[in-house]
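Note sheet for the following structure.
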Amino acid sequence: MNMTLHVLPYILALLTSVSVAIFAFSHRQKRGALPFATVASLQSLWTLGFIFEISASTLEGKIFWDWLQYLPSIFWPLAFVNFCVRYADMKIRRPLFFWTALGGVILAYMIYVALEPWHHKIYANAQIVQQGGAADLHYPFSLSAIFIFGWAAFVLLIGLGILIRRYIEAAAIYRQQVLTLIVGTFVPFLGQTLTMADVTIGSHRDMSPISFAISNLIVGYALFRMKLLDVVPVARDRLLDLMHDFCIVVDRKRRILDINRACRTLFSVTEKAEGQSCDAIFSKWPQLLTVIQMQMSNTGTVMALSHGDSTFSVSCDVYMEKKRIAAWLIVGHDITERIRSEKMLQQLNENLEERVSRRTAELASANHEIRTLQLVLQQIVDKLPFGLIGVDGSGAVSHWNDWAEKVTDIPKSDALGRPVEAVWQKFPNDLRRIQKAMDGHPVLNEREQCAELDKVHHLLPKTYEINTYTVDSGVILVRKDITEQMQFLDTIIQSEKMVAVGGLATGMAHELNNPLAGIFQSLQVIGQRLDPLMRANIKVAETMQLPMDAIVAYVKQRKIDVLLAQAQSSTRQAADIVAGMLFFARPKSTEYAPLDIPALVNDTLKIARTDFSPGALDFKKIDVIIDATHELPSPKGIAQQIQQVLLNLLKNAADAVKNNPLDRPPKIQIRLFHESRWLVIEMEDNGQGMNPDWTSRVFEPFFTTKSVREGTGLGLSVSYFIITENHNGKMEVKSEENRGSCFRVRLPLEGS
């Protein structure tokens, strides 16, 4: 029973300290609350160890628990200094040195305490003493204990010094809060001093835990009951001084408790104003004194104050202390700009009605123009020579032009608003394209071939170009009949091919004449050499002492076998030329197949070398260089069309270099390489080149830089159509005058 009564005050102290620590931690978002929770927690650990020490029955147990108390006992003063620094927002000049010096002492003393089982300097004469019905641990305080107490007292004094400095610098309205904090901090310092002096109160030797509880209650009251952390002095000072509004705090005797920087600057206050009468400080500003007096009498009203060119809105609030008004907070907000803005707004409002009426008339006129334009655009859309239908986000028809009416026999009035699959059944693939566009993948330049019945029920081939466009309200589908266009372009291609075939025919006739003449001449010579009546033959036979039947030796001696080989070579050459021309002149194939581009280039070059049309340059006189990378991919296309493009480019290049000066021999360089998703064909010559005007028009139909009799102006335009339209490729040119031209053809690879 005596032990319980002896321990009960310490248990109550522990519960008090733990409660304050928990409450402080729950408000850790406030400045200083978390460091204070750390201080209270360390003090609670110290008290808990002290309770276990008193409750232990053996000397070893009491020494163990007393030994464990050294950890919180030396750490809580350091935590207390951290709390003071955080609360006062104090800027330490050399923080690393400051905290390292304090922490170094802790580390050294902790090592000393940890080595107690080996040096026995702390508990050398420890004993259990019965006091007031309880067994307490008694041992004389060693020099180390006295040192650590001195160190703790020194650290506590540092914290108290920080708080005292805060008390001096704080405004009068906050000093009561800081003073309460100082008193609460001084209590554990007093308790430890009594313990070290061996002064006891009743049967309790160590007063530290009880002093901790009292301290925590006082500090907790200051922090949370007096809202000390809700109105941090440092934050208040900075906020008040950084305000653009002037602030004055006046007590019941019209004395100034506080004044901010804006007020000092505005009213030219240079001397110390705190504690002095506002009548003396603002004697030069009687209007301000009148406002202060009226605000103190009518708290809560808002008054206007004119000062120079500025106007202020002055309001007042009160500070209550023990249900009495302790001070008045007078705040003046500069409303000069607001008044100026209100005047400008009033002036603007006077003209607003006129502007609104004028703008309304303009909008009415604009709306009329928009409606007229919409009608015109709708008529244009309706009369377009191709199909245009619009589908909204729900799949219903929103646009339906005359072409769509004609091909479906469904009037616009019946089609609008209905599901697109119910009215656009003639072209079922378009439904897939519309859905694909709604999914974010519009279809562009897609072609479709089909057969349709005419009025006399004949099947006619048709070619359509289909495009889908995504708009905010849905999808627009455009279906254009390009059958006549394709037929016209095919006619142009065939016409250009026939022009090329004409040149080839001339060259072939000239080229075949040489091997045929050789065959004829060789056969004639053979006949002469085998004639037995010719003296030369007889002379040779007599010289060789052979009869005429020794024809084999005679043939070898007269090189008849060589002549026969020449005849065979000429025959093969004529066959190759005829085969090449027949391949080019063969009707166009519409099947796309993988192309061997290097082979096509070589075959086209062979054909070009047989062109002996008037004015053409012999390719044997041109240095043609083919530069191809290894393992080129094979794009899909129509071989005859690509060969026609290559032949047109070769002929243009030859025509460009035929007038080169002697110091610039004619040269054509062909490059074949793979670039990303394209196979690229570059044909560059060192001819006369073109000016920028020609370069921009070189692919236009009927545009030519040659004379009227030399060119039709269709070669490059047909080539451009073959590459871009038939093969979805690209064709471009770069040229400089007197430097040459470079044509680049890009053919897409499969999967690109």
Taking NZ, NE, NH1 and NH2 as the nitrogens, is one of them in [X] or [Y] under 4.0 Å from a carboxylate oxygen of the other?
| X | Y | answer |
| --- | --- | --- |
| Arg447 | Glu725 | yes |
| Arg432 | Glu446 | yes |
| Asp439 | Lys436 | no |

Counting distance only, does the side-chain N/O of [X] pair as donor-acceptor with the main-chain N or O of [Y] below 3.5 Å?
| X | Y | answer |
| --- | --- | --- |
| Asp392 | Ser398 | no |
| His727 | Ile638 | yes |
| Asp655 | Lys651 | no |
| Glu405 | Lys412 | yes |
| Ser735 | Gly689 | no |
| Thr604 | Leu647 | no |
| His368 | Ile370 | no |
| Asn401 | Phe386 | yes |

Side chain proximity check, [X] to [Y], heavy atoms < 4.5 angstrom:
| X | Y | value |
| --- | --- | --- |
| Leu632 | Ile597 | no |
| Asn686 | Gln669 | no |
| Trp400 | Val420 | no |
| Pro666 | Lys621 | no |
| Asn429 | Ile466 | no |
| Asn728 | Asn445 | no |
| Leu749 | Trp678 | no |

Rounded to the nearest 0.5 Å, how far apart are CG of Leu646 and CD of Gln641?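 Reported value, rounded in 0.5 Å steps: 12.0 Å.
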
How many angstroms lie between atom CZ of Arg744 and atom CE of Met683, to the nearest 0.5 angstrom?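 Between atom CZ of Arg744 and atom CE of Met683 there are 13.5 Å.
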
[atom1] ([X]) with more than 12 external heavy atoms under 6.0 Å:
| X | atom1 | value |
| --- | --- | --- |
| Glu737 | CD | yes |
| Tyr464 | OH | yes |
| Arg664 | CZ | yes |
| Lys426 | NZ | yes |

When Val645 is tested against each of Ile722, Val718, Leu650, Leu716 for side chain to side chain contact (heavy atoms under 4.5 Å, CB included), which residue passes?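 Among Ile722, Val718, Leu650, Leu716, the one meeting side chain to side chain contact (heavy atoms under 4.5 Å, CB included) with Val645 is Ile722.
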
Let's go through Met438 and Val391 carefully: what are the C-alpha distance in whole Å and the side-chain angles of both, what is the deciding distance for side-chain contact (heavy atoms from CB on, under 4.5 Å) to 0.1 Å, and is it a yes or a no? CA-CA 9 Å; Met438 287 185 174; Val391 181; 3.5 Å; yes

Gln643-Asp603 side chain donor-acceptor pair, cut-off 3.5 Å: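 The criterion, which ignores hydrogens and geometry beyond distance, is not satisfied for Asp603 and Gln643.
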
Below 30° counts as parallel, above 60° as perpendicular, anything between as tilted: where do the rings of Trp424 and Trp403 land? tilted

